[in-house]
Each structure stands twice: as structure tokens, then as C-alpha cells.
**Student:** 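Sharing a structure below in C-alpha cells format, with a few things to ask.
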Amino acid sequence: MKTIFKTACVAAIGMTGAAWADGHAQSWDMPMAYAATNFHSEHGVIFADKVREYTGGAIDITVHPGGSLFGGGDIKRAIQTGQVPIGERFMSAHANEAPLLGWDNLPFIATTYEDNAKLWEAARDTVNAQLADLNLVALYTCPWPGQGFYFNNEVGSSSDTQGIKFRSYNSATATFAEELGMIPVQIEAAELSQALATGVASAFISSGSTGYDRKVWEHLSHYYKVNAWLPRNYVMVNTQAWEGLDAEVQAGIQKAADETAASCAAKSAELANFYFDELAKNGMSVEDAGPDFLAELEAIGAKMTAEWLETAGADGQAILDAYKAN
Ligand code: PCA
């Protein structure tokens with residue numbers, strides 16, 4: 001299935017110009033990693049509808065949520081290599097390949113939607129330049145709610161976390177786990193319920209959103225609100241696919257993307273407390289992290305930011321400087 005698809009899409013990207021000349025619409029498959037009912041995926045559908053409208057039907061996007069077309073870890077490469085023209089990815093998962101992409105994963109730097117938007121403004125040009133090097137054009141990004149910890153036991157400090165198997169979603173969260181004496185294993189959200197059910201992991205860091213989507217109350221008992229950062233998903237297009245489009249079509253897609261970005265961020269903020277309520281309704285203890293645990297997290301966070309600055313270099317420092325100056 002994937003091989004056939006690859007051929008079809010490479011051909012589609014290649015024939016973009018001809019497709020416009022004779023007026024045919026292009027069909028674009030858009031893999032997304034998260035549950036169909038998640039607000040990110042629902043906004044993927046909203047985006048696709050807007051793109052059809054604003055391009056006069058020239059680009060017809062079909063959304064494939066839940067990692068059904070490509071697993072989350074494969075989506076970026078599928079877009080880069082033209083196996084699909086467009087897709088969505090949780091970008092800091094690729095910070096090991098390009099450290100700059102971890103800009104939205106710095107603990108306790110931007111912990112509100114407003115600050116996260118400011119940080120994105122400070123990072124946008126540099127991040128887009130990095131994506132261009134990876135053969136990608138970002139159309140829009142959308143933040144997850146703040147990140148906190150899920151456990152199957154009460155946690156007051158790192159003395160309660162030693163040896164726990166921890167589901168990480170990128171290298172930064174793996175580092176966080178190790179600093180807390182846990183054993184990280186990287187798992188996509190789509191595989192999270194199974195990992196918890198089989199004991200591959202029994203703790204993780206995420207928003208209330210992913211805990212709700214994956215019904216983690218079936219396996220875990222405690223959520224500690226930390227609001228450590230608000231990471232972002234990106235909807236991106238293959239550079240050749242993008243450059244092959246008429247300027248008018250590009251403008252229609254970008255208008256759809258800009259509107260979707262605003263609506264998606266607003267929805268994320270609107271839902272943040274709803275998710276906590278649902279976790280609690282389903283029997284989980286949902287509390288702020290206690291002072292000892294928080295102090296440890298903050299100390300680890302400061303160390304992680306310093307390490308990120310070492311790998312992201314002057315570009316990373318410039319993002320933080322620009323953010324702090326605003
Ligand atoms: N949910 C995603 C990424 C961040 C979030 O809140 C996940 O856990 O995979």
C-alpha cells in the first residue's frame with residue numbers, strides 16, 4: 001500500500017505544473033499522528049475544507065489521522081522525500097536530528113498560550129529556515145496544552161520515581177525521565193494505550209489531551225499539572241510540491257493555514273481544563289505538582305535549557321533573546 005502510494009505521490013508532485021495548466025484538481029493525502037477526535041486532527045479537517053474553498057477546489061486534501069497512513073515517527077520523512085505532499089508532525093520529536101526544532105520544548109520558559117505564541121514569533125524565521133534545509137515548508141503550527149506528568153502512584157519527589165518505565169516522545173523528555181531516575185522508552189501517542197496496558201511504560205509526560213484521548217485512567221491513577229511547556233504540531237508541505245503551485249493557489253492555502261492556526265490555538269486553550277475535568281471524572285487524582293517535585297523539575301529544566309543552548313548554538317540563543325526582549 002505504501003509503495004503504490006509513494007509512486008502515485010511522487011508523480012503527483014512532479015506533474016504539478018501540468019495539473020494546473022489543464023485545470024485538474026490535485027488530491028493530497030495528509031497523514032496526521034493523533035486520534036481522529038483530537039482537536040489537532042479535527043483542525044486538519046477544517047484546514048482541508050478551507051483549502052478546498054480558498055483554492056476553488058484545486059487542492060483536495062484527505063486527512064488520515066491516528067498514524068493510519070504513516071506512523072508519527074515516519075511522517076516527516078514521508079513529506080521530505082515526497083511520499084506524501086503534506087502531513088502533520090510533532091516537531092520536537094526530531095530535535096535529535098536538528099536541535100533547533102526543540103525550541104518549544106524548553107522547560108518553564110513559556111508556560112502560557114500567550115507566551116508560547118510570543119516564543120513562536122521569536123523562533124519562526126529561524127525554525128522555518130531550518131525546515132527549508134530539510135525540504136519542508138511549514139504552513140501552520142498549533143500548540144498542545146501544557147505538559148504534566150502521569151503516574152500510577154503518588155509522587156512527591158524523585159524518590160518516588162526511581163526505576164519507573166517512562167514513555168518519552170522526544171529526546172528532551174527522555175533526558176527529563178533519566179534525571180528523575182526513570183527508564184525512558186520512546187512511544188507514539190497512537191501506541192500509548194497498548195504500552196500502558198502491557199507494562200512497557202507506566203508513566204509519561206503529556207497534556208491532559210493525550211491522557212483523555214488514550215483513556216489513560218484505565219491504567220494510571222495520578223496526573224500532576226506542571227505546565228512545563230506547550231509543544232507544537234506542524235502541518236508541513238514538501239518544498240517541491242509547494243514551489244510547483246501557482247502563486248494564487250499558494251495564497252489560498254496560506255490563508256487557510258493562517259485561519260486554522262488561530263482557531264486551533266484557541267481550541268487548545270479552551271479545552272485545557274476540560275481535559276483535566278475528564279481525567280478527574282474518570283477517577284484520576286489531578287493535582288498541581290507539589291513543591292519538592294516542582295523544585296526538582298525546575299532544576300532539571302534549567303539544566304536542559306543550558307544543554308539545548310549548547311546544541312542549538314547562536315540561533316537558539318537568538319530565539320531566547322528575542323523572546324525575552326518582547
Ligand atoms: N500530546 C502529544 C505531544 C504533546 C501532547 O500533549 C503526545 O503525548 O504524544
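Only heavy atoms go into these numbers, but all of them, side chains included; no hydrogens, no water, no symmetry mates. Counting starts at 1 for both ligands and their atoms, in listed order.
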**Student:** Tell me which protein heavy atom sits closest to atom 9 (O) of ligand 1, plus the residue, atom name and distance to 0.1 Å.
**Tutor:** Arg167 NH2, 2.8 Å

**Student:** With a 6.0 Å cut-off on ring centres, are Trp120 and Trp103 close enough?
**Tutor:** yes

**Student:** Using a 4.0 Å heavy-atom threshold (strictly under), name the region of Phe204 that reaches ligand 1: side chain, backbone, both or neither.
**Tutor:** neither

**Student:** Return yes if a side-chain donor-acceptor contact under 3.5 Å exists between Gln240 and Asn135, otherwise no.
**Tutor:** yes

**Student:** What are the atoms of ligand 1, with element, lying closer than 4.0 Å to any heavy atom of Trp144?
**Tutor:** 1 (N), 2 (C), 3 (C), 4 (C), 5 (C), 6 (O)

**Student:** Heavy atoms only, cut-off 4.0 Å: how does Gln147 contact ligand 1, side chain, backbone, both, or neither?
**Tutor:** side chain

**Student:** What protein heavy atom sits nearest atom 2 (C) of ligand 1, and how far off is it?
**Tutor:** Thr210 OG1, 3.4 Å

**Student:** If you measure every N/O of Ser206 against every N/O of ligand 1, is any gap under 3.5 Å?
**Tutor:** yes

**Student:** Judged on heavy-atom distance to atom 6 (O) of ligand 1, which of Ser92, Ala190, Ala189, Ser207 sits nearest?
**Tutor:** Ser207

**Student:** With backbone taken as N, CA, C and O and side chain as the heavy atoms from C-beta onward, which portion of Glu191 lies under 4.0 Å from ligand 1: side chain, backbone, both, or neither?
**Tutor:** neither

**Student:** Does Lys267 pair with Glu270 as a salt bridge, N-O distance under 4.0 Å?
**Tutor:** yes

**Student:** Does any non-hydrogen side-chain atom of Ser168 lie less than 4.5 Å from one of Phe204?
**Tutor:** no

**Student:** If the threshold is 4.0 Å, N to carboxylate O, is there a salt bridge linking Glu97 and Arg89?
**Tutor:** no

**Student:** Between Phe293 and Phe149, is the ring centroid distance below 6.0 Å?
**Tutor:** yes

